**Student:** 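The structure is given below, and queries will be raised subsequently.
In this text, all values refer to a predicted model and were calculated from it rather than measured experimentally.
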Amino acid sequence: MSYQNQEYNAYISSGLSFRDPFFSGLYHALKSVGLHVLADHTDPKTNKLLLSGAIERCRVSIIVFTIAYAGSTFTCKNSSKYWSVIGGKIRSLSGYFGVILSRTLQGIPRDENRMLSYETALRQAASILPRNNRRVMSHIIGHVTSLIDSTKLFIAKHPVGVDSRVQDLIQLLNNQKADGVLIIAIWGMAVIGKTTIAKALYNQISHNFEVRKFVPDIQDREGDYPRGELLSFLGDQVKTKAHNFDSRNIWWEGLRCLKVLLILDNVRSERELEVLPVTHEVFGPGSIIIITTRTKHDRLQETRVNHIYRVKEMDYNECVELFSWSAFNKATPERSFSGLINYAIEYSDGLPLALVAVGSAVSEKSIEEWENVLDSFKRFPFQDVWQVLKENIDSVGSEEKEIFLELAYLSHLLIGVDRNDICQILQGAGHPDASRAIKGIEEHSLVWFDEDKLCMNRLLQGIGREMYMKESSIKPQQRPYDVFLSFRGKETHSKFISHLYASLENAGIYVFKDENGLARGENLSISLLKTIGESKTSIIILSPNYAFSRWCLQELEDIMICCKNKTQKVLPVFYHIDPSEVRNQTGKFGQAFDNLMKRYPDKIKGKEQSWRKALREVGCIAGLVIRKSKNESEDIKNIVEQVTHMPIYEGIVHC
């Protein structure tokens, strides 16, 4: 570890091992309130000069007096520079502590001034113990934070994109009335940076308040500990700062005399908001309460939150800068890595923690090593990020989780689909209350809707897809189809389809053929979407009136999405039409498409361009053309041969 140029808020001097529960508990408690902590549990080979320089830059030193402390000249030396906030009863330098100290001092060159400075420092440090000698960790943390003049919380090594989001929040605060209590919720998916933004906001505005408190990771605390810690802190503040408060009254009434900044980090459940003092009536005029949460539940509305600020993913330029700092330790990337950088940014999809994780993993590696690392991330996601996102998914109800996993599994088909269409698809799959469930997973930051079109983070898609496949593997499943057969049943000669189906089956090819023509609903069902997505090949029989069926066109769009994602091969059969008619939507085929647009303007609103795109793409693929054929048996034989000779597990047919 290098201490050069590192800035720390607090230094812990103890001589204890990091395995000691008090020492490790104190260290993690300080870290949890956003302090950057330096401790003396370092390797003996550490450069003492660099460590001493880092200690000098600390704002507060905490000395934990133990027997081991007296046995180290390094700890004694540094206690001569700083006073402690924790100590033992050692002013007399006697007892076993004094014996150990004497032995330690005998082992160094005799220097009366140095000996005196050690002893004086120890006596001074021991003399400033808190009078009530309370050792509850929360009080230690409160005392330490009060000693830090600037009260700055450590944000991030490279807080890229944080300032713009903090300015958004400050603008929101400025637009609200200043004479009341403001409550703002910072809402967003896991690992998107809510806590970092809240800390940065705290650092910018905390000096305007008589009382300020940042309560970290409420969800991760047990029982009523956060509530008890917070109430104890507020009670102390009333006693020392509420000068116009009559002490004969109930103490919490004194909070109305104080201007308070309170940030409650990582609030997830309604119960947490119920037991914490989150109301407009508790604090004095001008007070602000900030809540960070990944769940936009009803309790936020009940507490009369003034505004819910949704944290958005980082944009491309912000991603490039943060990734560059993590990978190259500078703001701009190396040009030779540009292709791989784009791949890493696409993988991270705007999540700061993922960007930092990937950037750190490839730092100081060659291009060849980058490729291996990025490929491994695709197959085995970064564990810390994966675990937090999985917890986000597991936090929803059973029905919401089931629906989310289905959406994630079919995300390559459903991203960009209208909210109402998704609800209808889910209702057809046995989820009658799909609308409420969709609202639930949206409130848990697992999906969002942009102009009513479904959106989902790519990492969540991948994790949800993996969870779906793992949970589905427990249930009995039929094997996936080799071929999905897409055709318009009313028009295509029934003998041709039946003969083709039978010939494929006889060749050992497992074929799906929809007998009902999808007439049972307005949208493709979940089961049919799964069938399309899991099939290895799709054969599309493009007949003159194929484009007059909105269900056929929706099938085609989904098939071409699978084709583009390289998960499926496509074999188009141009049945009594020319490929150019499909590609350009002309002739009888184009007329059928135009008639569909005129006949169902409301039901197909917004689909025309995506369907035209799918038709252009399939019209570019080299397939089979059957026009005025006198021997359809031979044509069918050619189709079967094409399918059997397709490299099922290699490549894909492109236009």
Side-chain angles (χ1 to χ4, degrees), residues 161 164-165 168-169 172 184-198 266-268 291-301 305 307-316 318-319 345-355 385-386 388-397 399-426 431 433-465 467-468 523 526 561 606 610:
S164 63
R165 289 157 178 80
D168 289 342
L169 285 165
L172 282 175
I184 303 290
I186 301 175
W187 170 58
M189 64 179 289
V191 305
I192 201 168
K194 301 181 296 295
T195 300
T196 301
I197 294 167
N266 200 15
V267 176
R268 298 192 204 171
I291 301 164
T292 74
T293 181
R294 65 179 66 162
T295 309
K296 188 174 69 173
H297 41 65
D298 294 338
R299 183 69 184 173
L300 290 178
Q301 303 301 332
V305 169
H307 190 88
I308 297 176
Y309 175 78
R310 178 180 173 268
V311 181
K312 295 182 179 179
E313 291 82 356
M314 302 177 78
D315 64 30
Y316 178 78
E318 291 171 335
C319 288
I345 289 172
E346 182 179 344
Y347 166 83
S348 305
D349 204 12
L351 298 184
L353 182 60
L355 282 163
V385 179
W386 193 93
V388 175
L389 293 178
K390 183 179 181 298
E391 288 173 3
N392 199 170
I393 296 170
D394 288 335
S395 68
V396 301
E399 184 183 11
E400 285 90 346
K401 181 179 177 180
E402 181 181 352
I403 286 177
F404 171 76
L405 295 184
E406 288 184 340
L407 294 177
Y409 181 68
L410 297 169
S411 57
H412 59 295
L413 300 176
L414 295 177
I415 296 299
V417 174
D418 185 80
R419 181 196 294 266
N420 292 332
D421 290 342
I422 289 206
C423 288
Q424 289 180 27
I425 290 170
L426 291 169
H431 298 291
D433 205 8
S435 180
R436 183 199 59 78
I438 288 288
K439 182 174 181 288
I441 62 176
E442 185 179 8
E443 289 178 344
H444 276 77
S445 308
L446 295 174
V447 301
W448 71 96
F449 288 85
D450 186 4
E451 296 183 354
D452 244 16
K453 306 295 182 184
L454 177 68
C455 303
M456 187 187 303
N457 180 271
R458 288 191 192 94
L459 280 172
L460 277 176
Q461 291 176 38
I463 294 169
R465 191 177 299 118
M467 291 174 67
Y468 176 87
N523 298 283
I526 286 284
I561 290 172
S610 61

**Student:** Within a strict 4.5 Å, meaning less than it, do heavy atoms of the Lys296 and Arg310 side chains meet?
**Tutor:** no
**Student:** Hey, does Glu400 have a side-chain heavy atom less than 4.5 Å from the side chain of Leu446?
**Tutor:** no
**Student:** Do NZ/NE/NH1/NH2 and the carboxylate oxygens of Glu318 and Lys312 come within less than 4.0 Å?
**Tutor:** no
**Student:** Ignoring hydrogens and geometry, is there a side-chain-to-backbone donor-acceptor pair from Lys194 to Gly188 under 3.5 Å?
**Tutor:** yes
**Student:** Going by heavy atoms in the side chains, are Lys453 and Asp418 under 4.5 Å from each other?
**Tutor:** yes
**Student:** State the CD1-CD1 distance between Ile192 and Ile197, to the nearest 0.5 angstrom.
**Tutor:** 7.5 Å
**Student:** Could you go through Glu406 and Leu426, starting from their C-alpha distance and side-chain angles, then the distance that decides it, and tell me whether this counts as side-chain contact (heavy atoms from CB on, under 4.5 Å)?
**Tutor:** CA-CA 9 Å; Glu406 288 184 340; Leu426 291 169; 3.9 Å; yes
**Student:** Quick one: are Val191 and Leu459 in side-chain contact, heavy atoms under 4.5 Å?
**Tutor:** no
**Student:** Closer than 3.5 angstrom, by distance alone: can the side chain of Thr292 be matched with the main-chain N or O of Thr195 as a donor-acceptor pair?
**Tutor:** no
**Student:** Minimum heavy-atom separation for Glu313 and Arg165, please, with both atom names.
**Tutor:** O-NH2, 3.4 Å
**Student:** Does the side chain of Leu410 reach to within under 4.5 Å of the side chain of Ile425, using non-hydrogen atoms?
**Tutor:** no
**Student:** Could you tell me if the side chain of Phe404 sits less than 4.5 Å from the side chain of Val396, heavy atoms only?
**Tutor:** no
**Student:** What residues form a side chain to side chain contact (heavy atoms under 4.5 Å, CB included) with Leu405, not counting sequence neighbours?
**Tutor:** Ile393, Lys401, Met467, Tyr468, Glu471
**Student:** Measure the CG-OG distance between Leu169 and Ser164 for me, rounded to the nearest 0.5 Å.
**Tutor:** 10.0 Å
**Student:** Do Val311 and Trp187 come close enough that some side-chain heavy atom pair is under 4.5 Å?
**Tutor:** no
**Student:** Are Glu391 and Arg294 ion-paired here, with the side-chain N under 4.0 Å from a carboxylate O?
**Tutor:** no
**Student:** Looking at CD of Gln461 and SG of Cys455, how far apart are the two atoms once the value is rounded to the nearest 0.5 Å?
**Tutor:** 10.0 Å
**Student:** I need the minimum non-hydrogen distance between Ser411 and Ala408, along with the two atoms involved.
**Tutor:** OG-O, 2.9 Å
**Student:** State the CD1-CD1 distance between Ile422 and Ile403, to the nearest 0.5 angstrom.
**Tutor:** 10.5 Å
**Student:** Main chain of Asn392, side chain of Ser395: is a donor-acceptor contact present, judged purely on distance under 3.5 Å?
**Tutor:** yes
**Student:** Between atom CE of Met456 and atom CD1 of Ile415, what is the distance when rounded to the nearest 0.5 Å?
**Tutor:** 5.0 Å
**Student:** Please check this pair: side chain of Trp448 against backbone of Asn457, looking for a donor-acceptor N/O pair closer than 3.5 Å.
**Tutor:** no
**Student:** Between Cys423 and Ala434, which heavy-atom pair has the shortest distance, and what is it?
**Tutor:** O-CB, 3.8 Å
**Student:** Does the Thr293 side chain pair with the main chain of Val267, one donor and one acceptor, at a distance under 3.5 Å?
**Tutor:** yes
**Student:** Please name the pair of heavy atoms, one in Leu460 and one in Ser445, separated by the smallest distance, quoted to 0.1 Å.
**Tutor:** CD1-O, 4.2 Å
**Student:** List the steps, then state whether side-chain contact (heavy atoms from CB on, under 4.5 Å) holds for Leu407 with Ile438.
**Tutor:** CA-CA 10 Å; Leu407 294 177; Ile438 288 288; 3.8 Å; yes
**Student:** For the atom pair CD (Glu399) and NE2 (His431), what is the distance rounded to the nearest 0.5 Å?
**Tutor:** 7.0 Å
